[in-house]
Amino acid sequence: MPRRPPIDPQGYYHVGSRGCYGRTLFASELQHERFLTMYARIARKYAFDTPSWALVGNHHHLVIRLTQGGLSDGMRELHGGYSRWLHAICGQTGQGHLFRHAFFARELKSEAQVLVACAYVDLNLIARAADVAEAAGQKWSGFRATIGLEHPRPFHTPSALLELIDRRPAAAQRAYRDFVQAGLDLRRQGPSPNDGVRSRG
């Protein structure tokens, strides 16, 4: 694997990982909630802003704005802690790695890249939906909170995304909803418009 470039301690990153050999990481509501609870603690510890997130069966995506660094330590704690917990409840302690590799991290160097990455994360979970109304029924992403249908989870900071779109929260939510709808429409027509910004993994 190529060496990862140095991480900007105040940068935006699209971060995630997959299960080893395609293993399912989140098979139940308990497992989803445990991972999110662990991430909330780590986001608080390292002062991560998280404008977008999704748990997708055998992998996860996070868009993180760093404020004090800590990305490598935080991901190591998250993946290590979740792996130990899941192996323990499944009776698989000592039987191999849960995650395929440590994590991928792609720096987002412009506001446009942050916006497209956040939409890509949401589309990862909702890509088979007919429209955003159906997509809003999906539970394991931040999309519903971002467009104002529910309160965000403690670690989720949709304002970090919405403020890049419009200073007026309601207008920003409508614009982001329309942007994701356009992504759904394009995906039905052919390859994803976000393929050019997709991170490894």
Check whether [X] reaches the backbone of [Y] with its side chain - one donor and one acceptor, N or O, closer than 3.5 Å.
X	Y	answer
Tyr82	Tyr39	no
Ser28	Gln31	yes
Thr157	Ala160	no
Ser141	Phe143	yes
Tyr13	Asp8	yes

Centroid-to-centroid, His151 to His156, below 6.0 Å?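 For His151 and His156, the ring centres are not under 6.0 Å apart.
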Taking C-beta and beyond as the side chain, do His61 and His59 meet within less than 4.5 Å on heavy atoms?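 SC-SC contact between His61 and His59 confirmed.
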Euclidean distance, Tyr46 OH relative to Leu78 CG, rounded to 0.5 Å: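 Rounded to the nearest 0.5 Å, the CG-OH separation comes to 11.0 Å.
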Within this structure, what is the CZ-CG distance for the pair Phe179 and Leu123, rounded to the nearest 0.5 Å?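 Phe179 atom CZ to Leu123 atom CG measures 8.5 Å (nearest 0.5 Å).
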Ring pair (Phe, Tyr, Trp, His ring centres under 6.0 Å) for Phe35 and Phe26? Distances and angles first, verdict last. CA-CA 8 Å; Phe35 184 88; Phe26 316 109; 5.0 Å; yes
Check step by step if salt bridge (Lys or Arg N to Asp or Glu O under 4.0 Å) holds for Arg153 and Glu33. CA-CA 11 Å; Arg153 287 174 178 266; Glu33 292 290 356; 3.0 Å; yes
Where do Arg84 and Glu77 land on the salt bridge (Lys or Arg N to Asp or Glu O under 4.0 Å) test, with the steps shown first? CA-CA 11 Å; Arg84 288 189 295 273; Glu77 290 178 29; over 6 Å; no
How far apart are the closest heavy atoms of Val15 and Ala105, and which atoms are they?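 The pair with the smallest heavy-atom distance is CG2-CB, 4.3 Å.
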Ignoring hydrogens, what is the shortest heavy-atom contact between Leu162 and Thr146? Give both atom names and the distance.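 Taking every non-hydrogen atom into account, CD1-O, 3.7 Å.
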Residues that Tyr12 engages under ring pair (Phe, Tyr, Trp, His ring centres under 6.0 Å), provided they are two or more places apart: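 If we apply the ring pair (Phe, Tyr, Trp, His ring centres under 6.0 Å) test to Tyr12, skipping adjacent residues, there are no hits.
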